[in-house]
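No hydrogens, no waters, no symmetry mates; every other heavy atom, side chains included, goes into these values.
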Amino acid sequence: MANLSERTHPPSPASPLLDRLNEAQREAVEAADGPVLVLAGAGTGKTRVLTVRLAHILATRRAAPGQILAVTFTNKAAREMSGRVSSLIGRPTEGLWLGTFHAVGARILRRHAELVGLRSNYTIIDTDDQIRLMRQVIEANGIDEKRWPARVLTAIVSRWKDKGWTPDRVPAEEAGDFAHGKGVGLYRDYQERLGELNAADFGDLLLLCLRLFLARPDVLADYHRRFRYILVDEYQDTNVAQYLWLRLLAQGSGNICCVGDDDQSIYGWRGAEVGNILRFEDDFPGAKVVRLERNYRSTPHILGAASGLIAHNRGRLGKTLWTEAAGDAMGDPVRIESAWDEAEEARTVGEAIEDRQRHGDSLDGMAVLVRAGYQTRAFEERLIAIGVPYRVIGGLRFYERQEIRDACAYFRLIRQGDDDLAFQRIVNTPRRGLGDKSIQTLYAIARGRGQSLLSASAEVVATDELPPRRRAALRGFVEAIARWRAEASRLPPSELAEIVLDESGYTAMWLADKSVQAPGRLENLKELARAMAEFETLEDFLDHVSLVMDTETGADDDMVNVMTLHGAKGLEFDTVFLPGWEEGVFPNQMALDDHGAAGLEEERRLAYVGLTRAKKRATVLHAANRTVHGQWLSNVPSRFVDELPEEHVERAAAAGDGFARDDAALWRTAMNRPGYGGRQGNYHRAIEARVQRFGDGEEVFTPVGEGRSTPEVGSRVFHQKFGYGSIRGVDGSKLDIAFDKAGRKKVMADFVEPA
DNA sequence: CGTATATATCTTTTT
DNA sequence: GATATATACG
């Protein structure tokens, strides 16, 4: 492997790797040793610097692949880096420690699980299982889960973990008012349960690493010797736990290079601290700071629009992006289009896409970037209607599909019998006659004996604690798991999967299901088995599924890309469509409510990220009306639209969005006045205000299900299922109705409409 | 126990 | 409008 003594030799001066770099980029690449911070504006060749730097370290024999740690934020970025490095060095990047923070953390943890109270076959649980487990903990504490929802506490605990706080480290004043201050205790119980299940959640993958490094300096020293060079992508998005993790690891060689852009920090809601980037020089004394300001991606018009927008933010490090082109090469101004509703918005985009196609543009080079997942729907419908192929990136991840989670629960339980969450998921899927009652009994027995559900089951089948029929069903299940576990040791994962899915009756369950989704689910299960063929062990596969695998739909085909703005970070397209630039949608109302001015700035950075994805053309759109949760809302154009400098934009002829521009401005003032502030509830009030404003009069705006006329005893109503009837009593939002055909029922007022 | 119907909640963004 | 959970009934 690499001869370390070569580090003392000067690197070969004329490496062809450096040829295509500008001066600043080269500086960032060549400063291999010591701490380096690269402040890289959008489109300035950030990824190039990172990949060339990595290749350069290898080419100059400073380190062997196994001595380099490269962490990214997303799997997409990791794949991208891996691909580009291997094409630079002309061979696969074997041995490199390259992956997301979480994937690398999981890998480290597998090797030392015993030192932090886990076994090396521990299970990584996802958000859904986190919430399930938290719900059980909350209920076990006699707290009403409806008043204090598990999903809320799970989110709070995740933020605590982002900050590196274990239960004993949560500051008293941060303990919060969840269940009257019981949050921290619940957090502690939750961790205890995780330990019993031999499981870790996403946050633990970092937190337990920290605990490991602090408790075992010898282990840390080992990694210090191992990692001679550390590279970090998207440094502005690291949270405190990740920052501490990096700092501990970097103490060894001191060779750490972080690349980031404070203007693209868009994960504050997930605990990211822009402060990390601002503090870099304090944390790593003598750090070299390199700024990349020359943009190679976008036309002057696009760059001008984006720069003008982001200039509205305070508290930036401040960069001035520039590009060489000018004059005729200004490109097209950013186009702004108004639409009546989301359908028209989608139609406008669809037509523009077809227009570009006629100009010979590839679909791959076009993207629709939305603020939130639900917005993709209108575009999907439209693109299907006009027959334009598209892919939705990052919508529902592969692992989040029901059938995949079920299948994986089987594998999890086979590998690791303490995984009660997996047990509960599949013990009665497909139906085996083990319903809620049986599971409750079983759960009580298991908890009483301090056992996992599976091992308790193995014993219970020999007793009369369950009625005979249930006992037999449970025995069948327990024996099957034991059988599969025996097979797991001698069969490759994909063959095991076939056996398990077949013998369990899981495949048969979907074959018998005649819903429209069933064939798709079976197809996904096949896809799962195919994917498994690439793995040697069940363990590797399950890690891959929960940490890496996402829906990679036909990367080779020429398709329009539809994705969220968050998902688009790090990508670029010739033509970018940015729909939904409306107050409340973008900037998102919840972001404003929960985080005020800081939330607004993060939204603006998101808008900046969106615009700077475009190389040649960008179109911003806003609709006057939109359905959210099946309810019509009227929206005013986003303030971001007005913040785009006039000289870089071009407004499409007014399509009649129903808004005078000063009307829009008036609206924003009204919605942002102090009395309107506050925390929760503002969102709904804002929505109500918007509904009311246009709710009367014009029929288009009449909100569905929003009874203009209050229900009165005696009035006639219509119900989707029960048909016509008359109201006999009103109790708040509940109505007592005598239906003509269905008889007397209590129904929520939302479910009926005036007849 | 399973099924069908009724209601609640969801939609911010991801590992 | 879609999906998870709650409830009633068979």
Side-chain angles (χ1 to χ4, degrees), chain A residues 71-78 99-106 124-128 130-132 135 145-146 149 151 155 158 161-162 200-206 234 237-239 241-242 266-272 369-377 394-397 399-400 402 428 430-439 467 469-470 473 517 546-550 563-569 580 584-595 599 602-603 605-606 609-610 626-631 683 704-705 719-722 733-734 742 745-751:
Chain A
V71 278
T72 62
F73 214 63
T74 63
N75 292 305
K76 202 168 17 164
T100 62
F101 279 97
H102 292 89
V104 174
I124 299 167
I125 65 164
D126 67 357
T127 316
D128 204 67
Q130 276 181 61
I131 294 172
R132 265 177 233 269
R135 181 172 299 133
E145 201 267 341
K146 286 208 194 72
R151 91 176 19 256
S158 296
K161 290 188 172 185
D162 289 340
D201 65 20
F202 280 120
D204 288 340
L205 296 178
L206 295 165
E234 308 281 15
D237 286 330
T238 52
N239 61 36
Q242 289 162 335
I266 54 175
Y267 284 97
W269 54 274
R270 217 179 82 181
L369 308 182
V370 298
R371 175 63 182 86
Y374 69 85
Q375 290 172 262
T376 60
R377 192 192 188 110
L396 184 61
R397 258 161 294 287
Y399 179 68
E400 286 167 359
Q402 188 190 337
N428 201 33
R431 306 235 180 272
R432 299 184 174 89
L434 292 162
D436 278 351
K437 188 70 192 307
S438 308
I439 306 307
R469 188 173 263 165
R470 318 293 163 215
Q517 299 107 313
S546 48
L547 291 170
V548 181
M549 200 160 174
D550 44 21
M563 66 184 98
T564 64
L565 288 158
H566 285 88
K569 189 155 79 155
V585 175
F586 190 35
N588 179 278
Q589 190 66 44
M590 286 184 185
L592 300 181
D593 291 349
D594 294 351
H595 303 106
E602 181 152 313
E603 295 287 294
R605 289 193 293 270
L606 201 47
V609 167
R626 182 179 293 280
T627 41
V628 180
H629 309 216
Q631 187 184 232
Y683 179 64
V704 178
H719 185 275
Q720 286 274 342
K721 288 233 163 63
F722 304 136
S733 57
K734 280 202 182 80
K745 304 256 181 205
K746 298 242 193 235
V747 176
M748 296 289 284
D750 286 352
F751 285 76

Item checked: Proximity to the side chain of A/Arg151 - top-ranked nucleotide from B/dT15, B/dT13, B/dC10 -> B/dC10
Notebook entry, point to check: Is any side-chain N or O of A/Arg431 closer than 4.0 Å to OP1 or OP2 of B/dT3?
Noted result: yes
Notebook entry, point to check: Among all residues two or more places apart in sequence or in another chain, which pass the side-chain contact (heavy atoms from CB on, under 4.5 Å) test with A/Glu234?
Noted result: A/Lys46, A/Phe73, A/Gln236, A/Asp237, A/Lys569
Check: To the nearest Å, how far apart are A/Leu205 CG and B/dT14 C1'?
Finding: 14 Å
Next item on the list: Using the closest heavy atom to pick a nucleotide of DNA chain B for each, name whichever of A/Thr100 or A/Gly433 lands nearer the 5' end.
Entry: A/Gly433
Next item on the list: Mind calculating the distance between CG (A/Asp593) and P (B/dT11) to the nearest angstrom?
Entry: 15 Å
Notebook entry, point to check: Is there aromatic stacking of A/Trp269 against B/dT13, centre distance under 5.5 Å, plane angle under 30°?
Noted result: yes
Next item on the list: By nearest nucleotide on DNA chain B, pick out whichever of A/Leu606 and A/Leu434 is the more 5' one.
Entry: A/Leu434
Notebook entry, point to check: Separation of A/Lys146 atom NZ from B/dA8 atom P, in whole Å?
Noted result: 10 Å
Check: In terms of side-chain heavy atoms of A/Arg371, which of B/dC1, B/dT12, B/dT14 is nearest?
Finding: B/dT12
Notebook entry, point to check: Could you give the CE-to-C1' distance, from A/Met590 to B/dT12, as a whole number of Å?
Noted result: 7 Å
Check: What is the distance from atom CG of A/Leu565 to atom CZ of A/Arg371, rounded to the nearest 0.5 Å?
Finding: 7.0 Å
Checklist line | Distance test, side-chain N/O of A/Ser546 to OP1/OP2 of B/dT15, below 4.0 Å | finding: no
Next item on the list: Hey, which sits more toward the 5' end of DNA chain C by its nearest nucleotide, A/Arg135 or A/Arg377?
Entry: A/Arg377
Check: Of all residues at least two apart in sequence or in a different chain, which pass the side-chain contact (heavy atoms from CB on, under 4.5 Å) check with A/Arg135?
Finding: A/Ile131, A/Glu139, A/Glu145, A/Ala150
Checklist line | Outermost nucleotides of DNA chain C that come under 4.0 Å of a non-hydrogen atom of chain A | finding: C/dG1 to C/dT5
Note to self: Measuring from atom NE2 of A/His595 to atom CG of A/Asn588, what distance do you get when rounded to the nearest 0.5 angstrom?
What the structure shows: 11.0 Å
Margin query: Nearest to the side chain of A/Tyr374, heavy atoms from C-beta on, is which of B/dT13, B/dT11, B/dC1?
Written below: B/dT11
Next item on the list: Would you indicate which nucleotide in B/dT12, B/dG2, B/dT15 comes nearest to any side-chain atom of A/Asn428?
Entry: B/dG2
Next item on the list: Compare the minimum distances between each of B/dT12, B/dT15, B/dT13 and the side chain of A/Asp594, then state the nucleotide with the smallest one.
Entry: B/dT12
Notebook entry, point to check: side-chain contact (heavy atoms from CB on, under 4.5 Å) between A/Lys161 and A/Asp201: does it pass, once the steps are laid out?
Noted result: CA-CA 10 Å; A/Lys161 290 188 172 185; A/Asp201 65 20; 2.7 Å; yes
Checklist line | Closest to the A/His566 side chain, choosing from B/dT12, B/dT13, B/dT15 | finding: B/dT13
Check: CD of A/Gln242 versus C1' of B/dT14: gap in Å, rounded?
Finding: 11 Å
Margin query: Before you tell me yes or no, could you show the steps for A/Ile266 and A/Leu606 under side-chain contact (heavy atoms from CB on, under 4.5 Å), namely the whole-Å CA-CA distance, both residues' side-chain angles and the distance that decides it to 0.1 Å?
Written below: CA-CA 6 Å; A/Ile266 54 175; A/Leu606 201 47; 3.7 Å; yes
Notebook entry, point to check: With no hydrogens and no angle check, is any side-chain donor or acceptor of A/Lys76 less than 3.5 Å from a backbone partner on A/Gly567?
Noted result: yes
